[in-house]
Engineer: 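Pasting in a structure now, in structure tokens, and then I'll have a few things to ask.
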Amino acid sequence: MQSLLEQLKKSVSEALVSAFGTELTSSAPLVVPASNPKFGDYQSNVALSLPKKLKIAPRSIAEKIVENLKVDNFCETPTIAGPGFINFTIKPTYLATQLTTIQTDNRLGIEPVRSPQRIIVDYPSPNVAKEMHVGHLRSAIIGDCLARILEFVGHDVLRISHIGDWGTPFGMLIAYLKEAYPEALTTTEELNLGELSTFYRQAKKRFDEDENFREAARLSVVQLQAGDRETLLAWKIVCELSSRSYQKIYDLMGLSPEIEARGESFYNPFLPEIVTELEKLGLLEESDGAKCVFLEDFTNREGEPLPLIVQKSDGGYNYATTDLAAIRYRVNVDKVQQVIYPVGSEQRSHFAQIFQVGKRAGWITENHQFIHAYFGLVLGEDGTKLKTRSGEAIKLKELLDKAITLARKDLETRLQQEEREETEEFIDRVSQVVGISAVKYADLSQNRTSDYKFSYQKMLALQGNTAPYLLYAYVRVQGISRKGNIDFTKLTTDTQILLQEATEITLAKHILQLGEVITEVEKDLLPNRLCQYLFELSQKFNQFYDRCPILQADEPSRTSRLVLADLTARTIKLGLSLLGISVIERM
RNA sequence: GGGUGCGUAGCUCAGGUGGAUAGAGCAACUGCCUUCUAAGCAGUCGGUCACAGGUUCGAGUCCUGUCGCACCCGCCA
């Protein structure tokens with residue numbers, strides 16, 4: 001089903017051509033949702049942009065466009081206002097037909113894209129042996145959301161976690177494992193190495209304090225790269241241990257199970273080829289013993305061109321080399337058209353640099369889009385980087401647990417006030433969904449590109465643009481179904497939908513805008529637009545709910561309103577699922 | 001020093017391709033529960049869009065400069 005916005009754009013474009021000729025075929029119709037509902041539902045600003053080109057006054061242009069517009073099948077007669085805005089109002093009868101169409105559709109009328117692409121979303125990419133912390137929060141939440149949306153609209157999405165499982169720190173970890181848990185290498189039994197973060201901290205401590213240990217660590221790196229059997233085994237043990245640890249967090253967060261771990265070690269065999277290929281292409285230069293590609297438009301402190309080091313003076317490779325190998329592999333082997341990296345904005349220049357080299361090497365062509373979907377920092381309530389009192393990064397697990405605990409406290413208080421009795425199972429389930437949803441929604445509802453302040457109190461608030469507010473709107477609809485013994489799936493498809501009250505019409509229009517919003521998010525990769533839409537949908541539903549009795553209404557209003565309520569709930573459910581958030585029937 | 005981004009209501013934040021009187025939420029204040037969960041709804045209050053110029057019929061949005069804040073800047077990832 002074509003969205004109302006698309007239909008209008010098409011109509012305006014056609015009217016432009018029939019009014020002023022084919023030279024306007026490629027002019028954008030400039031149709032957007034109305035800036036103020038009193039003007040209508042949509043507006044076109046195109047007449048204001050053409051006076052110079054056409055040498056006609058904007059209002060006359062608008063008049064000619066309106067004369068040539070053929071929209072009377074779905075729109076009231078367009079009006080011209082102010083300097084030349086063309087305002088459109090959708091006919092309620094048309095809205096009713098559209099709602100009837102989507103009522104039987106699981107996808108709520110949203111068609112898959114015409115040309116699906118293969119797309120990699122690279123998240124959440126933690127580092128082995130380091131516990132996941134707030135820094136991974138946004139990558140996980142945003143990456144998961146973008147992957148879900150792209151997949152929903154029909155793309156072939158690969159979720160690849162580019163785990164930090166190689167490089168210098170591993171020498172330290174392996175040396176520590178050999179020293180502290182030598183039995184790990186000889187037994188097949190599963191070992192309890194304690195908390196991962198403790199393991200890492202102890203290894204780091206030994207590394208910082210003991211010169212001999214540092215030497216052992218360096219040796220381990222060499223052995224690892226040389227493929228020494230025992231060292232590889234130690235490496236594997238550490239990797240598997242952390243893999244289990246972050247799988248627990250993924251499950252708690254409800255991340256897509258399809259995430260494929262493909263760490264830096266995977267690209268290890270290709271690193272020498274990267275260097276030789278760059279050399280063949282004449283992009284490589286040697287500087288202070290390191291092999292570098294000198295970058296265009298990047299300079300160092302002295303204003304000289306900045307190098308991207310692909311092979312260190314000691315012969316080793318670094319993360320830029322691995323990232324380049326990943327780019328090449330993804331293009332040549334995975335055959336992707338698009339790769340999305342949801343990674344912090346502090347790495348903007350790093351990505352700009354590797355993308356530049358990828359392009360100059362000919363791996364990234366005009367048929368590929370490599371996008372750094374960067375995001376801002378998570379700040380504490382004091383506006384500085386979120387950390388514990390002692391200054392360490394907050395563990396992701398602790399952060400999520402705290403949200404769940406606080407959600408549980410809220411729920412228990414309410415149960416007491418309302419003198420409700422609920423099972424322990426119910427309380428567990430609701431606290432978990434509300435707590436996790438609150439954290440995810442608080443993150444996604446912010447513009448991805450800016451920093452935001454993390455506040456449990458605000459994200460768990462029952463009012464405002466929060467997950468609990470949206471979940472409550474959904475729960476209200478389910479309440480109607482329970483109270484009235486209504487099976488929404490059995491509402492007949494020949495139901496006549498009547499849109500009479502202002503709140504009914506407003507709600508209907510909003511339900512039908514989901515497709516426009518998803519198209520936008522697919523393009524801009526800004527999930528906050530979808531959050532904003534769902535928040536407004538919930539507000540409009542609550543207004544409708546307040547204003548229009550449903551179960552007590554006479555037929556045919558009763559059934560019509562039931563359909564409207566059901567469609568609202570299904571829209572919220574679908575929308576939230578695209579954000580990676582699940583719903584509950586009661587709360 | 002160079003680079004990138006940000007600065008919008010008391011607070012937290014939206015503002016699409018430059019377009020109509022700059023929007024939400026929170027907080028504060030005022031109403032609305034014999035009626036599907038009031039976890040709601042209706043309303044009031046609140047703005048020199050950091051500052052100064054410029055481009056434009058039109059600037060929160062584009063350009064230049066100034067101030068403030070954050071992040072990045074050769075062999076860590």
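To find a chain, count down the sequence lines: A is the first, B the second, and so on, and within it residues start at 1.
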Engineer: Among B/G40, B/A24, B/G19, find the nucleotide with the atom closest to the side chain of A/Gln463.
Structural biologist: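 Of all the options, the side chain of A/Gln463 is nearest to B/G40.
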Engineer: With a centroid cutoff of 5.5 Å and a plane-angle limit of 30°, would you call A/Phe85 stacked on B/A20?
Structural biologist: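 A stacking contact exists, since A/Phe85 sits close and nearly parallel to the base ring of B/A20.
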Engineer: Calculate the interatomic distance between A/Asn542 atom CG and B/G25 atom P; express it in whole Å.
Structural biologist: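 Those two atoms, CG and P, are 12 Å apart.
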Engineer: Ring centroids only, cut at 6.0 angstrom: are A/Tyr123 and A/His136 within range, meaning strictly under it?
Structural biologist: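 For A/Tyr123 and A/His136, the ring centres are not under 6.0 Å apart.
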Engineer: Going by the glycosidic torsion and a 90 degree boundary from 0, is the base of B/C33 oriented syn or anti?
Structural biologist: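 This nucleotide is in syn.
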Engineer: Sticking with atom C1', work out how far B/G68 lies from B/U30, rounded to a whole angstrom.
Structural biologist: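 To the nearest whole Å, 40 Å.
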Engineer: Let's test your reading of the pairing rules: Watson-Crick or G-U wobble, both distances under 3.5 Å, then write RNA chain B as a dot-bracket string with ( ), [ ], | and dots.
Structural biologist: (((((((..((((.....[...)))).(((((.......))))).....(((((..]....))))))))))))....
Engineer: Rounded to the Å, how far apart are A/Tyr474 OH and B/C36 P?
Structural biologist: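 The distance from OH of A/Tyr474 to P of B/C36 comes to 21 Å, rounded to the nearest Å.
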Engineer: Applying ring pair (Phe, Tyr, Trp, His ring centres under 6.0 Å), name anything that partners A/Phe207, two or more places apart in sequence or on another chain.
Structural biologist: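 Once residues adjacent in sequence are excluded, A/Phe207 has no partner under the ring pair (Phe, Tyr, Trp, His ring centres under 6.0 Å) criterion.
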Engineer: Nearest-Å distance, CG (A/Asn465) to P (B/G40)?
Structural biologist: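 Atom CG in A/Asn465 sits about 13 Å away from atom P in B/G40.
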Engineer: Within the stacking criterion (centroid distance below 5.5 Å, interplanar angle below 30°), does A/Tyr545 stack on B/G40?
Structural biologist: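 A stacking contact does not exist, since A/Tyr545 is not both close and nearly parallel to the base ring of B/G40.
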Engineer: Only counting residues at least two apart or in another chain, list the ones meeting ring pair (Phe, Tyr, Trp, His ring centres under 6.0 Å) with A/Tyr200.
Structural biologist: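 With sequence neighbours excluded, A/Tyr200 shows a ring pair (Phe, Tyr, Trp, His ring centres under 6.0 Å) to no residue whatsoever.
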Engineer: Examine A/His510 together with A/Phe544 and report whether their ring centres are nearer than 6.0 Å.
Structural biologist: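 No - the distance between ring centres of A/His510 and A/Phe544 does not fall below the 6.0 Å cut-off.
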Engineer: Taking N and O atoms by type only, does the side chain of A/Gln43 place a donor or acceptor under 3.5 Å from a partner on the base of B/A20?
Structural biologist: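 It does, because a donor-acceptor pair links the side chain of A/Gln43 to the base of B/A20 below 3.5 Å.
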Engineer: For the rings on A/Phe351 and A/Tyr341, is their centre-to-centre separation under 6.0 Å?
Structural biologist: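 Under 6.0 Å, so yes.
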Engineer: Could A/Arg206 and A/Tyr176 be counted as a cation-pi pair, given that NZ or CZ must be under 6.0 Å from the ring centre and within 45° of the axis?
Structural biologist: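 No.
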Engineer: With a non-hydrogen cut-off below 4.0 angstrom, is A/Arg561 in contact with a base, only sugar-phosphate, or nothing?
Structural biologist: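 Nothing, no nucleic acid heavy atom in range.
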Engineer: If you measure from the C1' atom in B/G47 to the same atom in B/G15, how many Å do you get, rounded?
Structural biologist: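 These two C1' atoms come out 14 Å apart once rounded.
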Engineer: Between the base of B/A20 and the side chain of A/Asn87, is there a donor and acceptor pair under 3.5 angstrom?
Structural biologist: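 Between B/A20 and A/Asn87, which were checked side chain against base, a qualifying N/O pair under 3.5 Å is present.
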Engineer: Can you give one letter per nucleotide of nucleotides 3-15 of chain B, 5' to 3': B if a protein heavy atom sits under 4.0 Å from the base, S if only from the sugar-phosphate, - if neither?
Structural biologist: -SS-----SSSSS
Engineer: Distance between the C1' atoms of B/U44 and B/A27, in whole angstroms?
Structural biologist: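 Each nucleotide's C1' atom is 14 Å from the other's.
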Engineer: Of all residues at least two apart in sequence or in a different chain, which pass the ring pair (Phe, Tyr, Trp, His ring centres under 6.0 Å) check with A/Tyr469?
Structural biologist: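 A/Tyr469 satisfies ring pair (Phe, Tyr, Trp, His ring centres under 6.0 Å) with A/Phe535 only.
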Engineer: Between B/A9 and B/C45, how many Å separate the two C1' atoms, rounded to a whole number?
Structural biologist: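 The answer is 11 Å between these two C1' atoms.
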Engineer: Using the P atoms only, state how far B/C49 lies from B/A59, rounded to an integer number of Å.
Structural biologist: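 The same atom, P, in both gives a distance of 12 Å.
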Engineer: Pick the closest RNA chain B nucleotide for A/Gln539 and for A/Gln552 by heavy atoms, then say which residue is nearer the 5' end.
Structural biologist: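 So the residue in question is A/Gln539.
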Engineer: Starting at the 5' end of RNA chain B, which residue's closest nucleotide do you reach first, A/Gln457 or A/Asp546?
Structural biologist: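 Of the two residues, A/Gln457 wins.
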Engineer: Considering only NZ, NE, NH1 and NH2 on the basic side and carboxylate oxygens on the acidic side, decide whether A/Asp554 and A/Arg558 come within less than 4.0 Å.
Structural biologist: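 A salt bridge is absent here (no side-chain N lies under 4.0 Å from a carboxylate O).
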Engineer: Would you check if the distance from the ring center of A/Tyr317 to the ring center of A/Tyr319 is below 6.0 Å?
Structural biologist: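 They do not qualify: ring centres at least 6.0 Å apart.
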Engineer: Could you list the residues that satisfy salt bridge (charged side-chain N to carboxylate O under 4.0 Å, His left out) with A/Glu501, not counting sequence neighbours?
Structural biologist: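 For A/Glu501 the salt bridge (charged side-chain N to carboxylate O under 4.0 Å, His left out) partners, ignoring immediate neighbours, are A/Arg547.
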